[in-house]
Amino acid sequence: MTDPYEHAPGHPAPDVLPGVSYVMPVLNEVTHVEAAIASLLDQDYTGPFDVIVALGPSIDGTTELVERLAVVDPRIRVIENPTGSTPSGLNVAILASAYPVVVRVDAHSLLPRHYTRVAVEALLRSGAANVGGIMKAEGTTPFERAVAVAYGSKAGLGGGAHHVGGQEGPAETVYLGVFRREWLMRVGLFNEDIRRGQDWELNHRLRAAGGVVWFTPRLVVIYRPRPSLERLARQFFSTGLWRGELARRFFSANALKYFVPPVTVAVALLGLLAGILGLILTASGSETAGGILTIGFVVPAVYLLFVVVAAVGAARQAGVRSGAWFLVVLPCIHFSWGLGFILGFLTLTKNITAHTGR
């Protein structure tokens with residue numbers, strides 16, 4: 001089969017390809033990290049490259065695994081990331097890099113073989129500071145497949161281009177990122193005070209400094225969802241908490257779509273509380289006031305209907321068992337993210353890192 005990107009306009013000749021440094025922060029990822037690194041070593045990009053793994057203080061065997069991989073392949077370099085946080089790991093890896101193109105990699109992601117080649121071509125053709133594409137979630141269990149459907153649907157994460165695709169061109173933000181190193185150094189790398197949402201904040205600074213963030217749907221990265229409801233809830237609460245923090249810091253720069261989950265959560269909870277209060281008042285003899293307040297049950301009922309309809313669609317897409325899980329997964333994502341957003345937006349979050357881990 002002919003490679004559709006082999007003769008893409010602007011594709012540079014092999015002898016002038018810039019060197020690439022893959023930077024990967026890793027903490028307690030023994031299940032996924034080997035496959036993620038293997039996808040980097042298997043790239044069909046013919047320019048020089050190295051893989052820099054910023055290793056946090058893992059306790060699940062990740063350290064021993066990564067160190068063994070580095071011994072076998074000298075292109076893999078392991079450096080210490082004492083804090084274990086994602087932005088600090090990215091920064092120490094970038095500072096340790098030498099090549100002019102920096103490819104951000106996540107331990108939960110698998111890059112397709114043409115990823116770097118297509119990304120560098122787009123970077124050179126567009127003149128962008130950062131190029132990225134689509135995060136395509138794929139699961140191996142019914143639960144993970146339900147989460148994957150939520151990631152790729154408007155009902156789940158709002159249908160952003162980096163989740164569901166779109167036209168190639170300038171964008172607000174992109175998944176992961178393939179950067180010109182000079183631009184990273186110019187704007188000051190990742191903000192280590194921001195544990196989640198640091199991609200969006202960095203892309204915000206790149207655009208403010210005159211750089212272009214470029215989205216291309218030709219870059220599709222496989223992402224492995226969290227394997228349990230508890231880990232999913234923690235992930236989205238943390239993400240929502242930091243999104244709320246960013247919305248407070250950069251209110252005018254945040255799209256209205258980020259406020260939909262917290263508003264939905266607030267309205268649904270208020271409706272439920274009003275309905276319960278209405279039942280209490282009705283039982284105590286205040287039938288008029290109680291009757292009015294019980295109308296509040298309409299709001300959570302409408303939300304429940306929305307979830308059921310979305311779950312039917314998920315069942316058609318991923319199977320009946322995944323559709324059943326979707327009934328739990330979708331509210332988990334909405335309420336974890338929404339509650340986190342509200343807390344992040346309304347508080348000063350002085351001790352926010354203590355509640356969000358990486």
inquiry  = Counting C-beta onward and ignoring hydrogens, is there a side-chain heavy-atom pair between Phe341 and Leu246 closer than 4.5 Å?
reply    = no
inquiry  = Rounded to the nearest 0.5 Å, what separates atom CD in Glu67 from atom OG1 in Thr63?
reply    = 6.0 Å
key: CD1-OG1 distance between Ile276 and Thr294, expressed to the nearest 0.5 angstrom   = 12.0 Å
query = Any side-chain heavy atom of Ile134 within less than 4.5 Å of one from Pro217?
reply = yes
query = Between the main-chain N or O of Val212 and the side-chain N or O of Arg207, is there a donor-acceptor pair closer than 3.5 Å?
reply = no
query = Within the distance-only criterion (no hydrogens, no angle test), does the side chain of Ser336 pair as donor or acceptor with the backbone N or O of Cys332 below 3.5 angstrom?
reply = yes
Phe179 side chain reached by Ile94 side chain, heavy atoms, under 4.5 Å = no
ask   = When you measure from the side chain of His108 to the backbone N and O of Arg224, does any donor-acceptor pair fall under 3.5 Å?
value = yes
ask   = Centroid-to-centroid, Phe335 to Phe236, below 6.0 Å?
value = no
task = Keeping the roles fixed (side chain from Ser58, backbone from Asp60), state whether a donor-acceptor pair exists under 3.5 Å.
result = no
task = Could you tell me whether the side chain of Ser238 and the main chain of Arg234 form a donor-acceptor pair under 3.5 Å?
result = no
remark   = Tightest non-hydrogen contact, residues Ala93 and Ile52, listed as O-CD1, 3.6 Å
key: Side-chain (Asp199) to main-chain (Asn203) donor-acceptor, under 3.5 angstrom   = no
key: Side chain to side chain, Val53 and Leu40, heavy atoms closer than 4.5 Å   = no
query = What distance separates Ile222 CD1 from Lys136 NZ, expressed to the nearest 0.5 Å?
reply = 5.0 Å
ask   = Just wondering, are more than 12 heavy atoms of other shown residues or ligands nearer than 6.0 Å to CD in Glu34?
value = no
request  = Return yes if some donor-acceptor pair links the side-chain N/O of Asn130 with the main-chain N/O of Val178 below 3.5 Å, else return no.
outcome  = yes
inquiry  = Any heavy-atom pair between the side chains of Pro227 and Thr141 that's under 4.5 Å?
reply    = no
query = Just how far is it from atom CG of Leu272 to atom CG of Leu277, taken to the nearest 0.5 Å?
reply = 11.5 Å
pair Gln43-Tyr115: side-chain heavy atoms closer than 4.5 Å = yes
key: Path from Leu346 to Ile194 over hydrophobic side-chain contacts below 4.5 Å   = yes
query = CG of Leu189 to CG of Leu95: how many Å apart, nearest 0.5 Å?
reply = 5.5 Å
ask   = Which heavy atom of Thr282 sits nearest a heavy atom of Gly291, and at what distance?
value = OG1-N, 3.9 Å
ask   = Would Val103 and Tyr45 show up in the same hydrophobic cluster when neighbours are defined by side-chain heavy atoms closer than 4.5 Å?
value = yes
request  = Answer whether the closest heavy-atom distance between the side chains of Trp200 and Arg243 falls below 4.5 Å.
outcome  = yes
message = Quick check: closest heavy atoms across Val102 and Ser97, and the distance to 0.1 Å?
response = CG2-OG, 4.1 Å
CA sep, side-chain torsions, deciding dist, call: Asn28, Thr62, side-chain hydrogen bond (donor to acceptor under 3.5 Å, both in side chains) = CA-CA 6 Å; Asn28 293 325; Thr62 298; 5.0 Å; no
ask   = Without hydrogens or angle criteria, can the side chains of Ser109 and Tyr175 be said to hold a donor-acceptor pair below 3.5 Å?
value = yes
query = Should the pair Glu245-Arg249 be classified as a salt bridge under the 4.0 Å nitrogen-to-oxygen rule?
reply = yes
ask   = Would Tyr223 end up clustered with Ile333 when hydrophobic side chains under 4.5 Å apart are linked, directly or stepwise?
value = yes
query = Do you know the tightest heavy-atom contact between Pro112 and Val221?
reply = CD-CA, 4.3 Å
remark   = Taking every heavy atom of Leu17 against every heavy atom of Pro48, the minimum-distance pair comes out as O-CD, 4.1 Å
inquiry  = Can you confirm whether the side chains of Gln198 and Trp242 place a donor and an acceptor under 3.5 Å from each other?
reply    = no
request  = Take Gln317 and Phe326 through the side-chain contact (heavy atoms from CB on, under 4.5 Å) test and state the conclusion after the steps.
outcome  = CA-CA 11 Å; Gln317 182 177 343; Phe326 201 82; over 6 Å; no
ask   = Can you tell me if Arg205 uses its side chain to pair, donor with acceptor, with the backbone of Val187 under 3.5 Å?
value = yes
request  = Sequence neighbours left out, what passes salt bridge (charged side-chain N to carboxylate O under 4.0 Å, His left out) with Glu182? Give chain and number order.
outcome  = Arg186
key: N/O donor-acceptor pair under 3.5 Å between Arg181 side chain and Ser21 backbone   = no
message = To check you understand the geometry: which heavy-atom pair defines the closest contact between Ala146 and Trp325, and what is its length?
response = CB-CB, 3.8 Å
inquiry  = Could you see if Ile37 belongs to whatever hydrophobic cluster contains Val78? Use Ile, Leu, Val, Met, Phe, Trp, Tyr and a side-chain cutoff under 4.5 Å.
reply    = yes
request  = For Glu144, enumerate each residue passing the salt bridge (charged side-chain N to carboxylate O under 4.0 Å, His left out) test, keeping only those at least two apart in sequence or located in another chain.
outcome  = none
query = Should Glu29 and Met24 count as side-chain neighbours, where that means a heavy-atom distance under 4.5 Å?
reply = no
message = Hydrophobic clusters here meaning ILVMFWY residues chained together by side-chain heavy-atom distances under 4.5 Å, can you tell me if Val267 and Leu343 are in one?
response = no
